[in-house]
Amino acid sequence: MATLVLQIPDESLVQKVKQACKMIVGVASVKVQKPAKEKTRIYDPETGCYLKDSVVKSIEQAHEDMKHGRLKAYESVDELFEDLGINV
């Protein structure tokens, strides 16, 4: 048995194409499948690779924090360490 995949960009034509396919002699079944939602992929041109999902989630969270003013700025690394309770 062979499988034929059709991509139909106009959602209003899907049912008509499905009906037409059912009329073709030898067609055993016709299934309509919605495309899976595309995952966010971030490309790193320095490495030539896509970032892992965990890194993408971290970047998205940092972006949300930035948009909502949940970031704290430091004048120096020493100030950051002091705020974190790290004695250097």
Side-chain angles (χ1 to χ4, degrees):
M1 182 183 297
T3 301
L4 178 66
V5 178
L6 303 172
Q7 292 183 344
I8 304 167
D10 187 349
E11 187 73 30
S12 65
L13 295 176
V14 172
Q15 289 304 318
K16 291 177 182 177
V17 172
K18 182 179 176 182
Q19 294 289 337
C21 289
K22 285 181 179 180
M23 291 189 279
I24 298 172
V25 175
V27 173
S29 67
V30 178
K31 296 178 188 175
V32 175
Q33 182 178 357
K34 302 277 184 185
K37 185 179 177 185
E38 243 182 74
K39 293 174 103 176
T40 301
R41 297 189 75 204
I42 298 176
Y43 180 75
D44 183 356
E46 288 183 16
T47 63
C49 299
Y50 287 94
L51 300 179
K52 293 182 180 177
D53 288 341
S54 59
V55 175
V56 171
K57 287 191 186 301
S58 297
I59 291 170
E60 288 172 344
Q61 182 61 50
H63 186 252
E64 284 297 310
D65 289 345
M66 185 177 65
K67 281 191 339 189
H68 293 94
R70 295 186 290 247
L71 296 180
K72 191 170 183 180
Y74 296 97
E75 294 295 322
S76 67
V77 174
D78 293 331
E79 187 181 334
L80 166 66
F81 285 168
E82 183 181 321
D83 190 42
L84 295 174
I86 300 172
N87 296 322
V88 181

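Being a predicted model, the structure only gives us computed values, none of them experimental. FYI, side chains are in, hydrogens and waters are out, and symmetry mates aren't considered; it's all heavy atoms of this structure.
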E60 and K57: CA distance, side-chain angles, deciding distance, salt bridge (Lys or Arg N to Asp or Glu O under 4.0 Å) verdict | CA-CA 5 Å; E60 288 172 344; K57 287 191 186 301; 5.5 Å; no
Group every Ile, Leu, Val, Met, Phe, Trp and Tyr by side-chain heavy-atom contacts under 4.5 Å, then state whether [X] and [Y] land in the same group.
{"X": "M66", "Y": "I59", "answer": "no"}
{"X": "L6", "Y": "L13", "answer": "yes"}
{"X": "L4", "Y": "V17", "answer": "yes"}

For [X], what residues pass the side-chain contact (heavy atoms from CB on, under 4.5 Å) criterion, not counting sequence neighbours?
{"X": "D65", "value": "Q61, R70, L71"}
{"X": "E75", "value": "E79"}
{"X": "I86", "value": "F81, L84, V88"}

Does anything in residues 58-78 pair up under ring pair (Phe, Tyr, Trp, His ring centres under 6.0 Å), and if so which pairs, sequence neighbours excluded?
->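 Non-adjacent pairs meeting ring pair (Phe, Tyr, Trp, His ring centres under 6.0 Å): zero.
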Passes side chain to side chain contact (heavy atoms under 4.5 Å, CB included), V30 versus Q19? Steps please.
-> CA-CA 9 Å; V30 178; Q19 294 289 337; over 6 Å; no
Excluding sequence neighbours, so at least two apart, what forms side-chain hydrogen bond (donor to acceptor under 3.5 Å, both in side chains) with K52?
-> none
Do we see a donor-acceptor contact under 3.5 Å between the side chains of D78 and S76?
->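 Looking only at side-chain atoms, S76 and D78 do not form any donor-acceptor pair under 3.5 Å.
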Quick one: which residue pairs count as a salt bridge (Lys or Arg N to Asp or Glu O under 4.0 Å) with a foot in residues 20-29, not counting sequence neighbours?
-> none
